[in-house]
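Encoded as structure tokens, the structure appears first; notes follow it.
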Protein chains: 2
Amino acid sequence: MVTLAEVARQAGVSPSTVSYVLSRKRSISDDTRRKVEAAIEALGYHPHAGARALASNRSNILALMVPLRSDMYVPVIMEIAMAVTTEAREYGQDVLLLTKDEGTRGVRRIAGSGLADAMIVMDVELDDDRIPVLRETDTPAVLIGLPADPAGLACVDLDFEATGAACADHLADLGHRDVALIGEGEGVYQRHTGFAALTLRGFQRRAAERGLRAMHRACEGTYESTAGILSRILEERPSTTAFVVQNESAIPPLLSLLRLSGRAVPEDTSVVAICPDQVALQSSPRLTSVSIPAEEMGRRAVRMVMAQLEGDRGESVTLLPPILTVRESSAPPSAS
Amino acid sequence: MVTLAEVARQAGVSPSTVSYVLSRKRSISDDTRRKVEAAIEALGYHPHAGARALASNRSNILALMVPLRSDMYVPVIMEIAMAVTTEAREYGQDVLLLTKDEGTRGVRRIAGSGLADAMIVMDVELDDDRIPVLRETDTPAVLIGLPADPAGLACVDLDFEATGAACADHLADLGHRDVALIGEGEGVYQRHTGFAALTLRGFQRRAAERGLRAMHRACEGTYESTAGILSRILEERPSTTAFVVQNESAIPPLLSLLRLSGRAVPEDTSVVAICPDQVALQSSPRLTSVSIPAEEMGRRAVRMVMAQLEGDRGESVTLLPPILTVRESSAPPSAS
DNA sequence: GTGAAAGCGCTAACAG
DNA sequence: CTGTTAGCGCTTTCAC
């Protein structure tokens, strides 16, 4: 372990000087700066994280709490986590991975130990028990997701209500009259995760406003459940000409089933997905979709949390506007 | 911030006593232990991570280096990461998330700063440039994956060569004669990631030994590429009656295409996948598969790294034996 | 523009 | 079984 003191000796300056060239908190002559930097380079010096945390009361670590096993689509979680990690490095911060199952104890542990300077919390439930703990703590925090009562907290999320509405609008614009939303699994609605319910509400309201007849069915995403739901929908309302899919796992089965039943997409049936762009682009045909801005949410969360570390009050709700991209899976309903 | 000193005062004992009840490094009378624990509880004390790291030279953090964007299947990466995190907590360790793109600089930074006690490295390439750095460092490390030269390092991985062989065996046992391996994308083979090449080798050798005619095609996993590869295989060798799929993304398209072309699985065509159990179980029909033991690898990696922190030499290669589970997608070839 | 020195909160000898 | 105390390596006044 090479220490700051050794660097100082090697450079022929005092320890505090070395500290200051590192922190840029006071001006240093070009000459000494160079000497110090040379010494750092030569010795391969890296400041001891613990010592720094102790003296400065800043760990330069952000805690990220992710779902251990959730109904959320795994690639989205991963993309958010990677975006958070990448963006955090831009601020010189590292990321500590916590699992949601540590729950409030995890939050208390982090806040109490100074292990992290701030927290980013994913997979937020409407009435999440971590929220009160976060509120009473003075550790800056940002939620990715929207709880029932966001008062006193900072949140980022896709505007799912607007997302549902955008899907209804697009299909109404194309001239569809009977549409169906294939949603997330039952569990997602029951666990009171906000996004699924919000999407549904936005979809139904806008559908009503636009004079569409809208159905909704929860879907677990397996081949079997998708098949069952599809056939039930088509039985109950054979005039259905368009589907909105929210559960990413249901996309491959749905496309496969439509093909099998001889319904061409988009000629006979339109499909609009709510999914990451990558999924929409990998499917065949490429899907018209509202993209889940996973990377954007991750980056924003970091920026928001860093702003709080700079003194920002940290009470804000950022809802990212949905972006619907028209691709090959949606078209006007066939004249038949 | 409540400190150990405050706890000591509240409990009417000396700071070191508090420290020792926490570390259990010397025996404490039941009476004092109770008083201390009560004080800790009452004050909501959590040891300061930085201070502890500085004084003990142990951060209680494990660094986990994950691929930022890889050709690896995302859910597998995620499952490993979650298993590592969960198992680490069993040892009182937290997990720091690093991205592979930090490369050797990342490794040096962590080793030099004492931020983590040890490293777990994923997405290892055959000739990974992080390996020499890991070797010269005295930071314990475990690779998840198998490099060309594992000398002096600890590694865990699925035994992919045996995996390829197991697939060939299963199909040979069923009586198939013409089989094809639908592999990973070109990039995976070119980046010199070991697992794809090993699987192929194991498959080809065993196929030859068992008198099978084996084909192999790389596959990007999109619907189009899968369609192209499938039709080329069936054109070049129409007698092909079984497929082994290594690229998880190719599974849904493959099943969909087989259905479309009227080939029933498993009556006309057998499919064996190399994928997490969950994927095999979600497909229809449920797939005969060799499971990717993501959780097992993550847990093992943690145990191995912890053993090194206890003094283990840390030179070992653990190859987990493949487990092939027969489900509904494989059967003897039709008599035709 | 630079140095000296006092902690930050904890661990681990050493002493009893 | 318990207490005293000297650091761990860094940041940050205070002083020049």
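Quick note on labels: first sequence line is chain A, next is B, and so on, each numbered from 1.
Looking at heavy-atom distances under 4.0 Å, Ser16(B) makes contact with a base. Using a 4.0 Å heavy-atom distance criterion, Ile28(A) is classed as a sugar-phosphate-only contact. Thr32(B) comes within contact range of the sugar-phosphate backbone alone, with a heavy-atom separation under 4.0 Å but no base atom that close.
Regarding Met1(A), its CE atom lies at a distance of 16 Å from the C1' atom of dG7(D), rounded to whole Å. In this structure, Arg52(B) atom CZ and dC10(D) atom C1' are separated by 20 Å, rounded to whole Å. The distance between atom CG of Asn60(B) and atom P of dC10(C), rounded to the nearest whole Å, is 14 Å. Per the geometry, CG belonging to Leu4(B) stands 14 Å off C1' belonging to dT2(D), to the nearest Å. Rounded to an integer number of Å, the gap from CG of Leu115(B) to P of dG9(D) is 15 Å. Look at CZ on Arg26(B): it is 11 Å from C1' on dT4(D), rounded to the nearest Å. One atom, CG of Asn57(B), and another, P of dC8(D), lie 11 Å apart when rounded to the nearest Å. In this structure, the OH atom of Tyr20(A) is 10 Å from the P atom of dT11(D), given to the nearest Å.
In this structure, OG1 in Thr86(B) is found 6.0 Å from CG in Asp101(A), a value given to the nearest 0.5 Å. Considering CG of Asp117(A) and CG of Asn57(A), their distance stands at 8.5 Å, rounded to 0.5 Å. Here the CD-CD1 distance, from Glu79(B) to Ile292(B), works out to 10.0 Å after rounding to the nearest 0.5 Å. Rounding to the nearest 0.5 angstrom, the gap separating the CG atom in Leu146(A) from the CZ atom in Phe195(A) is 12.5 Å.
Comparing dA4(C), dG9(D), dT2(D) by their nearest atom to the side chain of Ser14(A) picks out dA4(C). Residue Ala55(B) has its side chain nearest to dC10(C) when only dC10(C), dT4(D), dC10(D) are considered.
Judged by distance alone, with hydrogens and angles left aside, Arg9(B) brings no side-chain donor or acceptor close enough to the base of dG3(D) to form a pair under 3.5 Å.
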